[in-house]
Amino acid sequence: MDILDGLNPAQKEAVETIEGPVLILAGPGSGKTRVIAHRVAYLIKTCGVSPHRIMAVTFTNKAAREMEERLNRLIGAALGNLTIGTFHAICARILRRDGKAIGVDSRFVIYDDEDQISLLKRTLQEIGLDPKQYAPRAIASAISAAKSRTMTPQEYVKHTTSYFEEVVGRVYERYQQLLTESNALDFDDLLMKTVLLFRNSDETLAKYHSRYLHIMVDEFQDTNLVQYELIKKLGGKKHNICVVGDPDQSIYSWRFADLRNILSFEKDFPKAKLVLLEQNYRSTKLILETASYVISTNQLRKPKELWTDNDQGELTNVVETYTEQEEAQFVVSEVEKLVEEGKAKLGDCAVMYRTNAQSRALEEAFIRYGTSYKLVAGTRFYERRETKDIIAYLRVIQNPSDSVSLLRIINVPGRGIGERSLSQLSSWAKSLGISQYETLRLITEQKDDGEQTPPFGSRIVKALVGFHGLMEEFIARSRELDLVDLFDLVTGRAGYEQYLQSGKDGEERWENVLELRTVAGEYRHLPPPEGLTAFLEGVTLVSDVDGLDETVDAATLVTLHQAKGLEFPVVFIVGVEEGILPHFKSFAGAEQMEEERRLCYVGITRAKQRLYLVHAFRRNLMGSSTPSTPSRFLDDIPKRLIASGGLWQGEEGRVMPPLYSSRAKTPAPNVPSSDVPSLKPGDHVRHAQFGNGVVVNCRTVEGDKEVVVAFTSGVGVKKLLLSFARLEKKE
DNA sequence: CGAAAGGCTCTTTTT
DNA sequence: GAGCCTTTCG
């Protein structure tokens with residue numbers, strides 16, 4: 001089979017242009033993944049390029065895996081050592097191998113978000129800054145912004161322009177020191193240090209230059225400046241760089257992804273070949289048109305013409321429900337209906353939402369209906385307390401300097417080592433200029449550095465020595481045990497199972513540990529040091545969608561961000577409301593609002609056959625129920641593209657009882673019932689402004705009654721609060 | 001030292 | 001609604 005078979009002219013051009021820089025602007029569903037796969041296959045099979053000399057960067061590990069599978073089908077097992085993976089994974093590999101040129105120890109551990117925040121809190125405390133006044137998250141974000149521009153602390157403090165930045169500068173300096181002392185890198189470091197490595201070590205750069213002949217980058221619209229510099233550096237003089245992206249699908253600016261990279265690419269490589277992929281193979285004509293209307297409202301974009309040969313398809317369903325519980329109920333019952341009618345399989349359906357919190361109501365409804373679903377990382381597995389505890393033990397084994405992990409587990413399970421002792425340990429370590437673990441060693445060996453005696457009571461010393469002995473045993477045994485045996489040794493000797501089982505949700509938590517053990521099993525075949533390193537790297541650099549299993553026939557629940565790169569025959573987007581999509585946080589600026597619109601666009605363009613945009617009239621936000629209005633994005637869709645239907649009436653025309661009557665526990669004070677009529681569905685009423693109507697539904701909401709009335713006067717269906725709307729009951 | 005209880009503050013997206 | 005912090009008491 002020829003690799004170019006079945007490609008359209010634009011796709012063919014993208015695949016065949018292998019010399020020099022190429023910029024592919026690809027609309028949704030235009031086959032960009034296919035183009036990348038075929039391009040790699042073409043390079044290897046037709047042009048005889050060794051896989052060893054090709055790098056393909058994907059956005060998630062899952063995308064990398066799928067790319068590999070695709071290539072395997074295209075060219076068989078001749079993949080050799082093709083470099084394929086996310087920026088972070090590729091950089092971690094480079095730094096492990098060659099980082100020592102800039103002082104990065106190959107046993108470094110990677111700090112995730114949570115570790116980063118925990119270290120930042122410690123930094124703030126040390127400097128004497130109030131974490132309430134300087135939110136660790138805000139500082140983390142500022143540091144991340146700096147690192148995304150390859151700004152070291154030294155450079156940062158030179159360029160501060162505000163008091164806040166000055167504070168950030170001070171924190172950044174110390175934070176980075178602590179990272180170095182812990183022999184740890186945060187996510188941004190993986191990228192930044194790799195760039196610094198290439199900047200500062202000509203030898204290393206030359207090594208990679210002579211290796212990589214072709215570089216390909218997917219989702220280029222979501223890369224940041226460091227990543228761009230990395231690509232340019234790796235691309236060498238030949239500039240055989242091929243980037244693929246879609247400005248309309250840029251949704252990570254908050255992570256400092258910079259759309260200007262696309263403009264810069266055209267400027268930096270004026271001879272770059274530009275390829276436009278505008279034919280959509282995914283969606284129906286109507287869905288594509290709906291999407292185009294939503295995105296074309298954005299001002300800061302280049303218009304482009306997408307088209308498709310696909311069927312006209314069906315109108316978009318815009319549906320309103322009363323509450324988010326009913327929204328969820330509607331989604332599940334509609335899914336069930338489609339499946340029953342043979343219009344879709346369960347696995348064809350996906351539900352997308354703006355915030356993770358929204359998944360809860362959906363999950364409850366799916367459970368209630370007994371409909372199977374897969375949730376992409378709910379309370380994310382690798383962020384669970386018990387999972388991270390075990391990982392922390394393993395990290396300290398790999399790298400005893402890792403202070404964040406050490407402090408996390410030194411008293412878990414409880415060993416009587418409290419906060420006071422810990423801060424003493426830390427300050428003692430600091431004054432001696434050694435790591436906490438080294439300090440433990442000193443205490444064990446009773447070497448008190450000549451004059452200074454350990455500032456601990458005998459009970460604490462005993463506990464510290466005990467813990468140190470435990471870890472020493474783990475470290476010693478880790479040299480010979482495979483990962484699963486090491487895992488069992490750790491959980492067993494540390495008494496972790498017992499500790500969990502005696503606590504809350506012990507059984508469930510222990511099962512999570514066992515699940516982690518299963519993951520460890522995948523690394524069992526690797527010899528001792530590598531198995532542990534690979535496992536720890538794997539569990540830190542996973543992305544949520546990595547766990548998605550397409551072979552399971554169940555509905556998929558994902559955030560809109562996670563949905564990028566996926567496609568489904570049936571898509572429900574829920575919470576299409578002001579404040580949710582677009583999110584409150586984006587009200588401040590036009591640029592953020594445009595990103596919300598792109599997010600909506602990404603969601604819509606995931607749909608192949610059927611699209612549902614659902615919004616609720618009331619939504620629970622932070623514990624209390626508030627009214628919600630339909631999203632402005634719905635206004636961008638012409639009425640002719642929308643199916644009539646509107647308000648959901650429940651199954652078989654009846655309104656379902658509420659799923660959960662949590663309000664029953666706290667009876668709300670009743671509205672004085674004297675002048676407010678009691679109404680039920682079917683009652684005829686009169687409103688001063690809207691005229692006569694029939695009650696469709698009513699519901700008690702926070703001590704008030706919410707009534708839905710269908711008016712006969714032409715104003716249609718209205719929702720009213722009984723205490724405000726002066727409704728008159730008619731007999 | 002640590003478990004338990006009560007009060008506080010949030011609005012998001014994640015490699 | 002939940003996560004985080006502080007306070008209180010054994």
Side-chain angles (χ1 to χ4, degrees), chain A residues 57-64 85-92 110-114 116-118 121 130-132 135-137 140-141 144 147-148 185-191 219 222-224 226-227 250-257 352-361 376-377 379-380 382-383 385 411-422 457 459-460 463 502-504 537-546 558-564 575 578-588 592 595-596 598-600 602-603 619-626 660 662:
Chain A
V57 186
T58 57
F59 198 70
T60 62
N61 299 299
K62 177 168 178 274
T86 63
F87 272 111
H88 291 86
I90 291 173
C91 287
I110 302 167
Y111 280 174
D112 66 17
D113 236 44
E114 195 190 329
Q116 186 189 27
I117 294 294
S118 137
K121 279 184 186 158
D130 180 11
K132 284 213 178 91
R137 295 222 165 263
S141 177
S144 180
K147 290 185 175 178
S148 303
L185 302 183
D186 66 19
F187 282 138
D188 297 308
D189 281 340
L190 291 174
L191 309 173
E219 309 284 8
D222 285 320
T223 53
N224 62 26
V226 192
Q227 290 167 331
S250 150
I251 54 176
Y252 282 95
S253 72
W254 51 276
R255 232 169 60 183
F256 310 105
M352 302 174 187
Y353 37 84
R354 178 64 232 266
T355 68
N356 281 305
Q358 290 172 258
S359 68
R360 195 196 191 95
V376 175
T379 343
R380 300 195 199 111
Y382 293 108
E383 287 170 20
R385 189 164 60 80
N411 199 35
V412 175
R415 301 182 174 93
I417 305 167
E419 207 178 312
R420 265 176 69 90
S421 312
L422 284 183
R459 217 183 65 222
I460 302 293
S502 63
K504 208 169 158 282
E537 195 158 303
V539 297
T540 312
L541 296 181
V542 278
S543 52
D544 298 325
V545 287
D546 292 348
V558 282
T559 65
L560 286 161
H561 283 90
Q562 291 165 343
K564 187 171 80 160
E578 287 294 296
I580 306 286
L581 182 68
H583 196 269
F584 294 112
K585 281 277 185 179
S586 66
F587 288 171
Q592 294 162 67
E595 181 146 317
E596 294 292 304
R598 291 194 292 269
L599 199 50
C600 185
V602 166
R619 185 164 297 272
N620 294 324
L621 291 170
M622 283 188 297
S624 61
S625 168
T626 34
Y660 297 92
S662 55

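Throughout, protein chains are lettered first and strands after them, A, B, ... in sequence-line order, and every chain is numbered starting at 1. Computed from heavy atoms alone, side chains included, the values below leave out hydrogens, waters and symmetry copies. Keep in mind the model is a prediction, meaning the values are calculated, not measured.
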- Give the rounded distance in Å between these two atoms: CG of A/N61 and C1' of B/dT15. 9 Å
- Message: On the nucleotide C/dC5, are OP1 or OP2 found under 4.0 Å from the side-chain N or O atoms that A/K121 carries?
- Response: yes
- Message: Using whole Å, what does the distance between atom P of nucleotide B/dT13 and atom NZ of A/K585 come to?
- Response: 12 Å
- Task: Measure from the side-chain N and O atoms of A/D186 to the backbone N and O of A/D189, and report whether any donor-acceptor pair falls under 3.5 Å.
- Result: yes
- Does B/dT13 have OP1 or OP2 sitting under 4.0 Å from an N or O in the side chain of A/Q562? no
- Message: Tell me whether A/E596 contacts the main-chain N or O of A/H583 through its side chain, where contact means a donor paired with an acceptor under 3.5 Å.
- Response: yes
- Task: Inspect the contact between A/R137 and A/D113 and indicate whether a charged nitrogen and a carboxylate oxygen are less than 4.0 angstrom apart.
- Result: yes
- Query: According to a strict under-4.0 Å criterion, is A/T559 in side-chain N/O contact with OP1 or OP2 of B/dT14?
  - Reply: yes
- Take atom CD of A/Q592 and atom P of B/dT11, then tell me their distance rounded to the nearest Å. 14 Å
- Message: At 4.0 Å (heavy atoms only), tell me whether A/S421 reaches a base, stays on the sugar-phosphate, or touches nothing.
- Response: sugar-phosphate
- Using the C1' atom in both, what is the distance from B/dT12 to C/dC5, to the nearest Å? 23 Å
- Query: What nucleotide, of B/dT11, C/dA2, B/dT15, holds the atom closest to the side chain of A/R255?
  - Reply: B/dT15
- Nearest-nucleotide wise, let me know which of A/I251 and A/I460 is further upstream toward the 5' end of DNA chain B. A/I460
- Message: Given B/dT13, B/dC1, B/dT12, identify the nucleotide with an atom nearest to the side chain of A/H561.
- Response: B/dT13
- Please confirm whether the backbone N or O of A/S144 pairs with a side-chain atom of A/S148, one donor and one acceptor, at under 3.5 Å? yes
- Give a yes/no answer on whether the side chain of A/N411 brings an N or O atom under 4.0 Å of OP1 or OP2 in B/dC1. no
- Please give, in whole Å, the distance from B/dT12 C1' to A/I580 CD1? 10 Å
- Query: Are A/I251 and A/L560 side-chain neighbours, meaning at least one heavy-atom pair lies under 4.5 Å?
  - Reply: no
- Task: Give the nucleotide from the list C/dA2, B/dT11, B/dT15 with an atom nearest to the side chain of A/F187.
- Result: B/dT15
- Rounded to the nearest angstrom, tell me the gap between atom CZ in A/R459 and atom C1' in B/dC1. 7 Å
- Query: Side-chain N or O of A/N356 less than 4.0 angstrom from OP1 or OP2 on B/dT14?
  - Reply: yes
- Message: Could you tell me how far apart A/I117 (CD1) and B/dT14 (P) are, to the nearest whole angstrom?
- Response: 15 Å
- Looking at A/R415, does any N or O in its side chain come under 4.0 Å of the phosphate oxygens OP1/OP2 on B/dC1? no
- Heavy-atom nearest nucleotide on DNA chain B taken for A/D113 and for A/L621; more 5' hit belongs to A/L621
- Item | A/Y252 backbone acceptor or donor facing A/D222 side chain under 3.5 Å | yes
- Item | Pair of N/O donor and acceptor under 3.5 Å linking B/dT15 base with A/H88 side chain | yes
- Does A/F87 lie flat on the base of B/dT15, that is, centres under 5.5 Å apart and planes under 30° off? no
- Using the C1' atom as the reference point in each nucleotide, state the distance between B/dT11 and C/dT6 in Å, no decimals. 24 Å
- Query: What is the pairing partner of B/dT11, taking Watson-Crick or G-U wobble pairs with both distances under 3.5 Å in any strand?
  - Reply: none
- Item | Length of the line joining A/E114:CD and B/dT15:C1', which is rounded to integer Å | 16 Å
- Protein-nucleotide distance (A/Y382, atom OH; B/dT15, atom C1'), rounded to Å: 15 Å
- Message: Nearest to the side chain of A/Y252, heavy atoms from C-beta on, is which of B/dC1, B/dT14, C/dC5?
- Response: B/dT14
